[in-house]
Amino acid sequence: MTATPNHLRSVDPQLAGLITAEEARQRDTLKLIASENYVSAAVLEASGTVLTNKYSEGYAGRRYYEGQQVIDQIETLAVDRAKALFGTEHANVQPYSGSPANLAVYLAVAKPGDTVMGMALPMGGHLTHGWSVSATGRWFNAVHYDVGRETGRVDMDEVRDLARRERPTLIFCGGTAIPRVIDFPAFAEIAREVGAVLVADIAHIAGLVAGGAHPSPVGHADIITTTTHKTLRGPRGAMIMAAPEHAKAIDKAVFPGLQGGPHNHTTAGIAVALHEAAQPGFADYAHQIVANARALAEELQARGFDLISGGTDNHLILIDLTSKGVGGKPAAQILDQAGLEANYNTVPYDTRKPFDPSGLRLGTAALTSRGMAEPEMREVARWMDEIVSTLAGDDTEAVEKAVARVHGEVSELTGRFPVPGLD
Ligand code: DSN
């Protein structure tokens with residue numbers, strides 16, 4: 001079965017063929033990339049509509065183009081659903097993705113050259129939290145907090161000391177490789193003490209927050225940014241939620257500060273995803289993501305894998321492969337050949353380079369969307385162990401055999417779990 005529509009196949013068979021190939025790849029692999037997911041068929045449908053034909057610079061009721069009778073209603077629906085789901089007073093659903101959303105926050109509340117603070121990228125932060133290669137690291141005086149070398153966790157005393165010393169305008173909490181609960185109240189207390197605006201970047205955990213499987217930053221963070229396509233299961237996009245005093249500045253920063261017309265087809269997909277996340281079953285889904293991550297973490301640890309922070313509280317697991325004698329990149333590449341799709345990742349205090357680091361990052365949101373549960377997670381750990389252990393043996397023939405064997409078993413499993421939006 002395929003979701004590729006007939007028109008596309010007749011107009012552009014070459015492109016249609018590529019999409020069909022990607023559909024097959026997504027169906028036949030175990031998607032363990034922590035920032036990815038599968039959208040529902042409804043989200044997929046809403047995202048591929050005539051809404052892509054419409055320009056609508058501005059906001060509902062204040063647009064620079066005519067013909068907004070329907071678009072205004074769609075954007076308002078998405079905004080209202082975001083506010084209701086997360087319990088915020090203001091939401092902007094126009095940012096094109098997470099990085100533009102974060103950039104809009106800088107534009108709204110800081111000036112170039114201001115001191116800003118975030119988690120260091122190699123510790124699990126995000127590029128846009130002031131890392132040197134990002135515009136945010138070039139245009140602002142960025143300072144960073146780490147995680148403890150032994151604990152793998154953020155030390156709030158270190159965060160407080162750094163904030164007191166540097167007096168940042170902005171403090172970011174959240175990131176891309178944080179396996180533990182983010183202590184929003186503690187960050188808020190520090191931000192208040194030093195007069196900083198606290199920004200919670202919940203891109204990875206938005207779905208867990210919506211489903212009650214991770215504490216909410218609402219009431220603690222002044223501004224909340226999130227992508228919509230990770231645990232939240234929406235299309236690729238982003239949102240900014242804010243306390244009322246920042247609402248106007250945020251809206252002005254997104255448009256006209258940084259962007260032109262919003263992507264209305266994406267806004268529609270976001271509205272559908274927010275509607276789905278508001279259904280009672282979504283809380284079960286969010287809790288199952290965490291239960292799956294715990295089961296996967298426990299089985300990996302039982303098999304001698306070294307997990308940063310010793311486990312997980314959310315959807316994400318960060319493995320340091322140093323003790324297994326293989327690098328993150330070759331491991332990710334061979335696992336992919338066996339049908340287990342993950343990404344290599346730096347680990348805190350990594351002695352290797354970012355393009356060839358020591359770590360592997362895993363997430364359980366996508367497998368949970370396919371209906372997989374703890375027994376499947378234990379199978380995944382077993383396959384990972386088989387591939388990584390064989391790789392460490394440095395015997396090409398043995399690796400090829402292990403890849404073929406595991407791939408066969410992975411195919412048997414993926415065949416039993418349909419892909420949302422495809423099957
Ligand atoms: N690329 C995202 C992730 O993988 O976490 C962050 O931008």
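Read the numbers this way: they start at 1 and go in the same order the structure lists the ligands and their atoms.
Ranking protein heavy atoms by distance to atom 7 (O) of ligand 1, first place goes to His126 NE2, 2.8 Å. Nearest to atom 5 (O) of ligand 1 among the protein's heavy atoms is His204 NE2, 2.7 Å.
Between Glu75 and Arg63 there is a salt bridge, since at least one side-chain N of the basic residue sits less than 4.0 Å from a carboxylate O of the acidic one. Here Arg405 pairs with Glu386 in a salt bridge; the nearest charged N to carboxylate O distance falls below 4.0 Å. Between Glu341 and Arg25, at least one side-chain N (NZ, or NE/NH1/NH2) sits under 4.0 Å from a carboxylate O, which counts as a salt bridge.
Ligand 1 has no nitrogen or oxygen under 3.5 angstrom from a nitrogen or oxygen of Lys230. When only interatomic distances are considered, the shortest N/O to N/O separation between Arg361 and ligand 1 falls below 3.5 Å.
Checked against the 6.0 Å centroid threshold, His129 and Phe172 count as a close aromatic pair.
The atoms of ligand 1 that sit less than 4.0 Å from any heavy atom of Thr176 are 5 (O), 6 (C). Residue Ser35 has at least one heavy-atom neighbour below 4.0 Å for each of these atoms of ligand 1: 3 (C), 4 (O), 5 (O).
For atom 1 (N) of ligand 1, the protein comes within 4.0 Å by no heavy atom at all.
Judged by distance alone, the side chain of Arg361 and the main-chain N or O of Thr176 form a donor-acceptor pair under 3.5 Å.
For the pair Arg149 and Tyr349, the cation-pi criterion (under 6.0 Å, within 45° of the ring axis) is fulfilled.
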